[in-house]
Amino acid sequence: MTDSTRRVALVTGGSRGIGRATVRALARDGFDVAFCYRSDDQSARSLEKEARGEFGSEVEGTCVDVADAASVRAWIETTEERFGPVDAAVTAAGITRDNPLVLMDDEQWRQVVDTNLDGVYHVCRAVVFGMMKRRRGAIVNLSSVAGVYGHGTQTNYSASKAGIIGFSRALAKETGRAGIRVNAVAPGFIETDMVAAMNDKARKDAVNSIPLRRMGTAEEVADLIAYLVSERAAYITGAVLQIDGGITI
Ligand code: NAP
């Protein structure tokens with residue numbers, strides 16, 4: 001039996017980084033949250049435990065590869081049976097496989113596009129009809145400044161993140177009259193495992209090129225996402241909000 005006053009959120013890539021901080025922010029704001037991840041069971045279990053304990057919301061992680069359409073559909077169906085209809089969807093699952101294009105192999109291209117771009121399509125395709133029927137829903141897709149400006153050694157990643165911007169704007173146009181809002185968030189350098197692989201020199205150079213002279217935190221991005229899915233952002237749709245410490249000025 002579900003409580004119809006509860007709001008339900010889906011978060012992909014919820015076990016670590018920006019997705020994890022988003023699960024916590026949405027649980028804090030009163031959502032029951034279903035999140036998915038690819039392999040890190042330990043992080044998923046620890047997040048369930050800490051978020052339930054701190055915020056009293058239902059928080060459940062499931063191992064689902066967002067690149068696999070059938071698995072995503074099955075996950076969302078089970079979530080809606082268990083928690084009720086999805087009010088908010090946040091697509092944070094993402095990977096990098098960096099290489100200059102002259103050295104890139106097909107597998108590096110495919111993995112990034114399949115996870116980052118197809119993953120967003122699979123989730124949005126599975127939730128949008130229900131949202132349109134209920135005339136309510138908010139979607140936030142994680143893009144990147146690399147998707148707006150391009151980033152060397154990341155043609156695959158930049159293309160997938162630029163695709164997310166086009167996808168989100170088109171979907172915002174299609175579904176606005178049904179009361180659905182779709183926005184993209186484009187972070188710069190954020191302190192997560194994704195940037196932990198940078199060597200000291202690359203990190204120093206990156207920080208020196210950021211006007212605010214530091215990388216952002218996952219919590220800062222999660223707060224922007226929590227705002228975008230809330231009623232406070234009721235007139236924002238089709239936006240691409242950069243959160244980058246000014247690196248793109
Ligand atoms: P992260 O720390 O590397 O975490 C990635 C998350 O995505 C993990 O929970 C991972 O699950 C999950 N994931 C990866 N592949 C998946 C798949 N095929 N199916 C389901 N889940 C999958 O990444 P992050 O830095 O938080 O990045 C989150 C999003 O923000 C990404 O879309 C990224 O492109 C974007 N972004 C990040 C930055 C940055 O500086 N960090 C900047 C711009 C944009 P497992 O734990 O199981 O592997």
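Basis for what follows: all heavy atoms, side chains included, without hydrogens, waters or symmetry-related copies. For ligands, and for the atoms within them, numbers begin at 1 and follow the listed sequence. Residue numbers start at 1 and run along the sequence shown.
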One pair to check against side-chain contact (heavy atoms from CB on, under 4.5 Å): V148 and Q242. What are the steps and the verdict?
CA-CA 9 Å; V148 183; Q242 289 181 209; 3.9 Å; yes
Under 4.0 Å between a side-chain nitrogen and a carboxylate oxygen: does that hold for R38 and D65?
no
Roughly how far, to the nearest 0.5 Å, is the CD1 atom of I76 from the SG atom of C36?
8.5 Å
I'd like to check whether I18 has a polar contact with ligand 1, where a contact means an N/O of the residue lying under 3.5 Å from an N/O of the ligand.
yes
With a cut-off of 4.0 Å, which atoms of ligand 1 are near a heavy atom of P187?
42 (C), 43 (C), 44 (C)
shortest atom 28 (C) of ligand 1-to-protein heavy-atom contact is with A92 O, 3.2 Å
Within less than 4.0 angstrom of ligand 1, does S143 place any heavy atom?
yes
D200 CG: over 12 foreign heavy atoms closer than 6.0 Å
no
Report the distance from atom OH of Y121 to atom OG1 of T91, rounding to the nearest 0.5 Å.
14.5 Å
Any side-chain heavy atom of K161 sitting closer than 4.5 Å to one from N116?
yes
Considering only the protein, which heavy-atom contact is closest to atom 41 (N) of ligand 1, and what is its distance?
T192 OG1, 3.0 Å
May I ask you to say whether D223 pairs ionically with R28, meaning some side-chain N is under 4.0 Å from a carboxylate O?
yes
Would you say E191 touches ligand 1, if touching means a heavy atom closer than 4.0 Å?
no
Going by heavy atoms, is S43 under 4.0 Å from ligand 1?
no
Any N or O of C36 closer than 3.5 Å to N or O of ligand 1
no
Do E219 and R20 meet the salt-bridge criterion of a basic N to acidic O distance under 4.0 Å?
no
Shortest protein contact, atom 5 (C) of ligand 1 (heavy atom only)
G94 O, 3.9 Å
Give the residue, atom name and distance (to 0.1 Å) of the protein heavy atom nearest atom 40 (O) of ligand 1.
I190 N, 2.9 Å
In the protein, what heavy atom is nearest to atom 20 (C) of ligand 1, and what distance, to one decimal place, separates them?
V64 O, 3.1 Å
Sub-4.0 Å atoms of ligand 1 with respect to non-hydrogen atoms of S39:
45 (P), 47 (O), 48 (O)
Flag the pair D114 and R110 as a salt bridge only when some basic side-chain nitrogen lies within less than 4.0 angstrom of an acidic carboxylate oxygen.
yes
To the nearest 0.5 Å, how far apart are OG1 in T22 and CZ in F31?
11.5 Å
Would you mind telling me if ligand 1 is within reach of the side chain of T96, the backbone, both or neither, using heavy atoms under 4.0 Å?
neither
Ligand 1 to Y157, heavy atom cutoff 4.0 Å, flagged ligand atoms 33 (C), 34 (O), 35 (C), 36 (N), 43 (C), 44 (C)
Mind checking whether G188 has an N or O less than 3.5 Å away from an N or O of ligand 1?
yes
Note: ligand 1 atoms sitting under 4.0 Å from heavy atoms of F189 are 40 (O)
Quick note on ligand 1: atoms under 4.0 Å from a heavy atom of I95 include exactly 14 (C), 15 (N)
Presence of salt bridge, D205 and K201, under 4.0 angstrom:
yes
Within 45° of the ring axis of Y227 and under 6.0 Å from its six-membered ring centre, is that where the NZ or CZ of R232 lies?
no
Looking at D105, I want to see if its CG is surrounded by more than 12 non-hydrogen atoms of other residues, nucleotides or ligands under 6.0 Å.
yes
Short list, please: which atoms of ligand 1 are under 4.0 Å from a heavy atom of V195?
40 (O)
For V66, is at least one N or O under 3.5 Å away from an N or O on ligand 1?
yes
among protein heavy atoms, the one nearest atom 3 (O) of ligand 1 is R16 NH1, 3.6 Å
Taking only non-hydrogen atoms of T12, do any sit less than 4.0 angstrom from ligand 1?
no
Of the protein's non-hydrogen atoms, which lies at the shortest distance from atom 45 (P) of ligand 1, and what is that distance?
S15 OG, 3.6 Å
Quick check for you: to the nearest 0.5 Å, what is the distance between R97 atom CZ and Q154 atom CD?
12.0 Å
Decide whether an N or O pair under 3.5 Å exists between K161 and ligand 1.
yes
Find all atoms of ligand 1 within a distance of less than 4.0 Å from any non-hydrogen atom belonging to G17, and give their numbers and elements.
2 (O), 26 (O)
Considering only heavy atoms of D65, which atoms of ligand 1 have at least one such atom less than 4.0 Å away?
17 (C), 18 (N), 19 (N)
Hey, is R7 close enough to D32 for a salt bridge, meaning N to O under 4.0 Å?
no
